[in-house]
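Worksheet for the structure shown next.
Residue numbers start from 1 in every chain, and the chains themselves are labelled A, B, ... in the order their sequence lines are given, proteins ahead of strands.
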Amino acid sequence: MDNNETPAQRPVTLDITGAVEVKPSLSAAVIPPEPSLLPSSDVHFQEESIDLGGESFITPEEDSHSMPSESLMDKLNDQMMESVMISDSPNNSEEDDVVPMDNLLEQFEEREEEQAAAVVKETLVAEEKKEVVEEKVDDLIGQDTTEIKIEAVMMQTSPVASSPEEPLENVKQKLTTDDQDVITVSISAVTPEDSTPSSGSPKPEAAALETSSKGTTSKDESIPVCTIFSQGSQPKVQALVPDGFQPTLIKSPSFSSGTGGSTEITPSQLAPLVCQPSPSLSKFFSDSGHVNPATDFFDSFTTSSFISISNPNAESPKSAAPTERQLSASSGSSLPLQQAPVEPALATAPPQPFTQLQAVFSGGDDPFATALNMSEADKRYDAWLPSEETRKVLISMAMQQYSQVFVERERLAMPGLKFDNLQGDAVKDLMVRLMGEQAAMKRQVLTANSVEQSFLGLKQLISTKNWRAAVDLTGRLLTAHGQGYGKAGQPSSHNTDSLQLWFVRLALLTKLSLFQNAEMELEPFGNLDQPDLYYEYYPTVYPGRRGSMVPFSMRVLHAELPQYLGKPQESLDRLHSMRTVCQTILDNLEQGLAEDGSMINLTQENRQASLQLWKSRLSRVLYAVANCLLMMKDYVLAVETYHSIIQYEPQQKVQLLSGIGRIFLQIGDIKTAEKYFLDVEKATLEKGSGTTDTCVLMNRAFIYLSQNNYSDAHSSFAEVLKIDPKNPVANNNAAVCLLYLGRLKESLRQLEGLVQQDPALYLHESVLFNLTTMYELESSRSTQKKQALLESVACREGDSFNTQCLKLV
Amino acid sequence: MEVNQAKQEHLLALKVMRLTKPTLFTNMPVTCEDRDLPGDLFGRLMKEDPSTIKGAEALMLGEMLTLPQNFGNIFLGETFSSYISVHNDSTQEVKDILVKADLQTSSQRLNLSASNNAVTELKPESCIDDVIHHEVKEIGTHILVCAVSYTTQAGEKLYFRKFFKFQVLKPLDVKTKFYNAETDEVFLEAQIQNITTSPMFMEKVSLEPSMMYNVTELNTVETGDEGTSTFGKMSYLQPMDTRQYLYCLKPKSEFAEKAGVIKGVTVIGKLDIVWKTNLGEKGRLQTSQLQRMAPGYGDVRLSLEMIPDTVNLEEPFDITCKITNCSERTMDLVLEMCNTRSIHWCGVSGRQLGKVSPSASLSLPLKLLSSVQGLQSISGLRLTDTFLKRTYEYDDIAQVCVVCPYMSRES
């Protein structure tokens, strides 16, 4: 308490390094030996480095273990630091405070043990000490004892802190030897006029406490346990952390023999969107040479004129493209008939001679052939501009129908599964671990085996949020297509469905944050520009059809993926080349040409539809660019890009402007954020909704929040709830505000109530994370409450649920 | 008995959480088109996800607030806020609870509790909440010491403490440079580097001058009515980025007159820096007084009052010098002018300037011409004090640009 006198003497400025230190060289260099006016070009200047730190001066380099900025994940986690509980006894401080963030994941479990050990050690020490020091402790209650401890702690940390400083010191000295003179000045915190609450003068109660505690100190120095901080060590972006379900790269032997267990043939097999379970596939492929029952296997899910081809890879992996075309050419003629109801143009599909005829023209600009064979929608959606090299290959494919076109193996996309059987259910595993097998039995989710082995089953798995199972199912379907595990690097042919399956698989892996896996499997696809990813490569299978087999969404995914793996620059490169293609196609359309720049006449409706489609695609790419820039913290460009989207998506103006405002709030630039929020208000007024928009209220709340005005922020969120009582964001945010107002119980009650009443909306990882954090803050029995949450998650959520937000591990 | 008591579980549990600003949840848009295999599935999933922005699901930055995930970093000048919760875990009522939160730094100990009054009773499952704030004014190790004392129903007085240690880091690196202009003006260049790991919005970087100076900030470019910042639209600093601020300090007239006053080490002023980070987390620092060694002028100071910037080759031009006696005694001065290779003085060398008393000055119009083109330095003035027989040399007084008039007319 006596120490409080020190700040009283110098309340405004606190010099940390003490006196200003002027290096002796200064006076000599600065005062010119003779009076002469210094020409401005030759000014002697003093360079002063202002040193804020004393002994504990910490350079960012030194501190890099706690906040590395190399990888993307760390960038996202840069607000985090491992906080440590320190104990009463100095020898218990260990080296907890220098745990590197990088190793956190590995060390996580280890540390738990360590902490337990530390606690045990602590008690031992406490007991030992008690006997020896008991009387002394009685004398040195309160601050004095603590101060001794602090010294001890600091002694331990000082070698860590000081050693990296040495090189820095050298650098400084180097600077001094240059003709710049370095003065070290200290910097200090200011007490602004509004000063801090409780700059603390000794309170009489404190003394009372000390006397009252005097008697108890020695016995009651019990084990301090702080769980809040240490448990918070889980990286924020769970998204980037493989959540313990790292798929192994081991091929399951059961897989080759078909999908075990699902041998029963579903009665709905005859439904249009159903394919047969895999065991029968071998049958399909073994005799795919002469007949074409394979057409029944992959059925179309789009309205496009879709033709399945049997996969040559299943039978003869060596079969080159020409042979394959020969094979399917025979089937090709009869296939279009199947699509008759959907595609009238194809219903009149010509017999073989005509197929050959049109195939000759398919590379050219024959409007007749094209009109005959391509539906307008297909053309619109599939349009893409291949690279020059690929274009040449595609043209020669079309021209040399009957002679062999040699395409180098490297130039083909030869994908294959890189892992299979991802199956797993983190929720169930956690239940087994915490509540035992019995309780875990209650958890029932769909698996790849429990649904139809078809697109229908796949959709079912996706919509029930069983994405892991869905990934498994895509694996099975792709295996049936000959692109299964280990097939990467082996030639196989592509069709619309196989690429859609790949797209779904990769999208789900991304959604599951299994970015590495997605990247591995995308790798054989290269930059999605191989000739065999275009319809023109298969003139007999897709006569006259042109454009990219790769769905646009897969291209977006492919471009976005590297940013999640710490390679945002690569993402930007890919996105910008996509943007160029979109822009070129839009330009072509506006100049009265077809999407690919050919002189095909489009009807007005088709042109409009195409323009609309490509505008929305362009804006999707721009969103991706902006998101990537935001992740890179390049706020200037991100804001610019978000702003540029407004011209393509005017109906999203309000959301975009609010989003930009929030970016400014994130940076801390509240004034600019307010400007954008004002624009939002204007935009909503133009819309003329009459009542105040929730969006405006929400923005207002964020402004209050940034001004540390939590009570007004809370009432703004509450106002949103008056208009839209079910708004999950406002509900959650209002609860967060309550916590900052010191109303933990209320906040908890509100969030708990929401999760119980409307689990569909509130079993979201952000809400659950907040809730579990508050449980931890509230009581020592948070684990039971978290388990209760786990149970409610178990009855509702699929296998893709991210259990990390429950902080149960 | 005593041993048992030491191991006994406490009826109350103390939890502490640092309250940094909440963060906005970011979602990861994965989209598809209607014609793709999942159809509208992905779109529907994203619409149902409460964390997405409705109507613009591809926008990554959401509106959902999430509580701080971890302790984070704390920097000098920021405010340390913390939630302190004392919860009654037991089944019995506890009396006379006193919660005390102190912050121990290397130099002092502060009491941070809002109230120092004991709470008379705490029922099972209820808690005492406190949110503490403290502006961090020291670097290095800080320890938050939370002490709880209470009385059980049996009348037993119990007490326990917990310690939370954290490091306060340095947020900024500030370097300053002074430039002395030919006039009495001083330019201060301040380099401010963000050495944290997050972007920093610089809300205010101003120079509070000492009483001797007036300051002009040179960090905006005047365009029309409003000045635009020299740093462009975004006024934030990325981690490790440095920004240079420039200030011009002019001595106030009452000090400028007396040249003798601004001599030796002078206090220029201090920089006041206010920044903000995530959702308005605020920080403020001031440097200590910046000191500058005023250029020494010796006994006699020669400064320029007037000089043309561009002159014609071989044409005489005028300059006006001001000679100030900075010494404590009266001087009797003689002016000599020595020609250099390029600069030729017109007029008589060895001229008597008469007596100059301390702090007095006199204006001296001089004529000279240059025989060489280009940027020429004016040198070669000598002042001799006849009392002490001391000669002061003035070289490189100023520079003029010498051009050929015929050439410039053509162009």
Answer yes or no: is there a donor N or O on one side and an acceptor on the other, between the side chain of [X] and the main chain of [Y], under 3.5 Å?
X	Y	answer
A:Arg662	B:Leu61	yes
B:Tyr83	A:Tyr740	no
B:Gln238	A:Lys633	yes
A:Gln652	B:Gly55	yes
A:Asn732	B:Ser51	no
B:Asp89	A:Arg781	no

- Message: Quick one, A:Leu739 with B:Leu19, criterion side chain to side chain contact (heavy atoms under 4.5 Å, CB included). Give me CA distance, side-chain angles, the key distance, then yes/no.
- Response: CA-CA 9 Å; A:Leu739 179 75; B:Leu19 291 178; 4.2 Å; yes
Need one label for [X]: side chain, backbone, both or neither, based on atoms under 4.5 Å from any heavy atom in chain B.
X	value
A:Leu557	side chain
A:Ile663	both
A:Leu705	both
A:Val636	both
A:Phe702	side chain

With a 4.5 Å cut-off on side-chain heavy atoms, are [Y] and [X] touching?
X	Y	result
B:Pro50	A:Val767	no
B:Glu33	A:Pro551	no
B:Lys282	A:Asn708	no
B:Leu37	A:Phe455	yes
A:Met774	B:Met17	no
A:Asp669	B:Lys276	no
B:Leu45	A:Ile462	yes

Considering only heavy atoms, which portion of [X] lies under 4.5 Å from any heavy atom of chain A: side chain, backbone, both, or neither?
X	answer
B:Leu279	both
B:Glu281	neither
B:Ser81	neither
B:Leu59	both

- Message: Checking B:Asp129 against A:Arg743 for the side chain to side chain contact (heavy atoms under 4.5 Å, CB included) test, could you report, in this order, the C-alpha distance in whole Å, the side-chain angles of both residues, the deciding distance, and whether it holds?
- Response: CA-CA 7 Å; B:Asp129 303 280; A:Arg743 289 148 73 182; over 6 Å; no
- side chain to side chain contact (heavy atoms under 4.5 Å, CB included) between B:Thr31 and A:Tyr623, intermediate numbers included: CA-CA 11 Å; B:Thr31 57; A:Tyr623 261 120; over 6 Å; no
- Message: If the condition is ring pair (Phe, Tyr, Trp, His ring centres under 6.0 Å), which residues does A:Tyr635 pass it with, not counting sequence neighbours?
- Response: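 Here the qualifying residues are B:Tyr236.
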- Can you list the steps and then say if B:Arg35 with A:Phe552 is a side chain to side chain contact (heavy atoms under 4.5 Å, CB included)? CA-CA 10 Å; B:Arg35 283 169 52 112; A:Phe552 180 82; over 6 Å; no
